[in-house]
Amino acid sequence: MKFDTPATQNPIDQLKVVGHGVDRIDGPLKTTGTAPYAYERHDVAPQAAVGYVLGAAIGKGRIGSMDIEAARRAPGVLAVVTAQNAGKLGKGKMNTAKLLGGPDIEHYHQAIALVVAENLEQARAASRLIRVQYERAQGKFDLAAQKSATDKAGKNEPKEDRVGDFESAYAQAAIKIDHTYTTPDQSHAMMEPHASTAMWEGDALTVWTSNQMVAWGRGDVARTLGVPREKVRLISPYVGGGFGAKLFVRADAVLAALGARAAGRPVKVALQRPLIANNTTHRPATIQRVRIGTTQDGKITAIGHESWSGDLPGGQPEEAVQQTRLLYAGANRLTALNLMELNLPEGNAMRAPGEAPGLMALEIAVDEMAEAAGLDPVEFRVRNDTQVDPSKPDRPFSQRRLIECLRLGADHFGWADRSPRPGSRREGRWLVGLGVAAAFRNNLVTDSAARVRLDAAGQVIVETDMTDIGTGSYTIIAQTAAEMLGVPLAKVIVRLGDSTFPVSAGSGGQWGANSSTAGVYAACDKLRAAILQRLGFASDGAVFADGMVTDANGRQATLRDAAAGGDLVAEDKLEFGDLDKKFQQSTFGAHFVEVAVDAATGETRIRRMLAVCAAGRILNPKTARSQVIGAMTMGVGAALMEELAVDDRVGYFVNHDLASYEVPVHADIPSQEVIFLDETDPVSSPMKAKGVGELGLCGVGAAIANAIYNATGVRVRDYPVTLDKLL
Ligand code: MOS
């Protein structure tokens, strides 16, 4: 099904099942511990041996020599895999560094060996017997130092995007600000580590893995191992958190496959927790300069946002300026990305890549600008709204209700009680402040396919390689099929995360919910046609409800009757056309936060949070709310705690475990509220839904920093806002 004109009325609009906050259909499996995760496939791979990964102990250089003999002879050891004995390996499209390093080492904790043994203890003990001699090379590990060296040498080569004449407009602006903000390297810190169980049957490989994007993963496992794609099956039905860490195949999958080949047995590998931060990807640190100039009455005439981030050779910049191209009006604009070469572990996507760190800077700058212009921060944002893409005035937003998010949130949160004078509200030892920030994230869409089967019992079985990373995919897909075919939710069985199923959008970039359900919509639409044809019913105007189908001539049959002569199966793909060219599709929101800061110690407590989101049709308000409050909690981490500390002599992240890389939990925050604006976006898909899982994170950090400023009068521009920066 091609989607190239805005959606009109369709069966989803009935909202008998879609749009209801039903419980997760996979909830009982999760809460009873019976959902099979990748490392626990005793059911299908009962004899799996265990792999333990050895990571490189240098940040850059080479392995001079490596002695694995003692490890090989250690008790229980079945195989030791290294780059020397693994055969020729390729590289995945989505990987910057090799997943099995040696002799060259590209980053700290790059895997250099897998020890396979009968059990974890034996594998771990044997790994300690591997003797490695390294030849260290000089690496570049300090972003700020690289930036100043590049500045000094006049060697910045920014990827710029310009509208109008930023420099003159900024020079002439009546009121202006110019500040630099920094965000640190961050780790996804999902609960389930990267984990895989691999099994060979002849030359065919099955990998049960924890991965967000099954089709990408299948391709990259094949590319890395140099085997045909058709010979690789990837299975990822349950994922214990991803946040972007599992968009790509990592060492666990590739090493499990190599280990299984070497040991002649299924092998399972879970990356050890202390290895994950340096072995896998992370959100790169940024340095961001924001300049804004306004007229005397606070209308933006010039807005400039430049970002610097680093990555390994061949890597990508963190796109921290994306939102600044679209969020506020202003005739003269400059955005620029600068990429520094660093030899730290690989940078890549983490929840809302680009916008999450970008808004942490931009939305403090906007708060500073509002103050300089003598305007309330809500009022300032309202005044600078735009209904079109500022770089292409004939390109409207498909929906843009940022102003309503701000106004409704302000009302609901009691914004009117905020004192505009920082540091003026005190309750005992606590300085209390309120902060606001806009939330913005583009709404990406990705082609998505599904297969739907109707059987003689009247059951509907949906199959697609879509993943559920804790987001609720199973549930919204079941709701979509139930709505389309007029059956109760209990009649729908959803099977996900298997590369033998049709290729879906996968879970990433907050495109998963809207795109994958749209694929299910397309397959169900085809199945409806097949049902009508089987029954000899009129093809137009049929109604599917209560397990019955009624055609335009009033003829009726049950779905069981329709399938009595054999199962009916339909498969289709929702292909997104070029509506994206005519409309800018984005999601919007507003975050409000109340903090209390201990006047003596500088300790910050979050008291209340509110997010108002405008993200198209909300397919399931319960799972969507969970996404948003999870994101808000993650935003608290970004604002107050999260920072991978770089040792710039050795080139690694020092705090590489969950004891030293701290993240908050919901229970740390007494009150979190979410309001969804009641909207549909016919430009987004037949579902008229959009993404919300990343939107919830966008802007939170700045709202907290702004609240801390309002509470204390201390403006911190370097995240995380730890207490030492407030004293
Ligand atoms: Mo998201 S960072 O695309 O999982």
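Both ligands and their constituent atoms are indexed starting at 1 by order of listing.
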So Tyr474 and Pro237, do their side chains get closer than 4.5 Å, heavy atoms only?
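They are in contact (side-chain heavy atoms under 4.5 Å apart), so the answer is yes.
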Heteroatom distance test (Arg351, ligand 1): nitrogen or oxygen, under 3.5 angstrom
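No; every N/O pair is 3.5 Å or more apart.
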Is there at least one pair of N or O atoms, one from Gly508 and one from ligand 1, spaced under 3.5 Å apart?
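Such a contact does not occur with ligand 1.
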State, to 0.1 Å, how close Gly589 and Leu695 come at their nearest heavy-atom pair, and which atoms those are.
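Gly589 and Leu695 have their closest heavy atoms at N-CD1, 4.2 Å.
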Considering non-hydrogen atoms only, spot the tightest contact between Glu643 and Pro720 and give its length.
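Shortest heavy-atom separation between Glu643 and Pro720 comes out as OE1-CD, 3.5 Å.
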Should the heavy atoms of other residues, nucleotides or ligands under 6.0 Å from [atom1] of [X] be counted, would the total exceed 12?
X: Lys91; atom1: NZ; result: yes
X: Lys573; atom1: NZ; result: no
X: Gln316; atom1: CD; result: no

Could you list which atoms of ligand 1 come closer than 4.0 Å to a heavy atom of [X]?
X: Met350; value: 2 (S)
X: Leu247; value: 3 (O), 4 (O)
X: Pro353; value: 2 (S)
X: Phe243; value: 2 (S), 4 (O)
X: Ala349; value: 2 (S)

Looking at atom 4 (O) of ligand 1, what's its closest protein heavy atom, distance included?
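Going by distance alone, atom 4 (O) of ligand 1 is nearest to Gln212 NE2, 2.8 Å.
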Considering only the protein, which heavy-atom contact is closest to atom 1 (Mo) of ligand 1, and what is its distance?
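Atom 1 (Mo) of ligand 1 sits closest to the protein heavy atom Glu694 OE2, 3.0 Å.
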Is it true that Lys246 lies under 4.0 Å from ligand 1, counting heavy atoms only?
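Per 4.0 Å heavy-atom rule, Lys246 does not contact ligand 1.
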Give a yes/no verdict on whether any heavy atom in Gly509 is under 4.0 Å from an atom of ligand 1.
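It does, in that a heavy atom of Gly509 comes within the 4.0 Å cut-off of ligand 1.
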I would like to know whether Gln510 and Thr587 meet side chain to side chain contact (heavy atoms under 4.5 Å, CB included); could you show each step before the answer?
CA-CA 10 Å; Gln510 79 168 9; Thr587 60; 3.2 Å; yes
Where's the contact between Gln510 and ligand 1, heavy-atom distance under 4.0 Å: side chain, backbone, both or neither?
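Gln510 to ligand 1: no contact under 4.0 Å from either part.
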Decide yes or no on ring-ring contact (aromatic ring centres under 6.0 Å, His included) for Tyr328 and Phe440, but give the supporting numbers first.
CA-CA 11 Å; Tyr328 296 110; Phe440 174 95; 9.2 Å; no
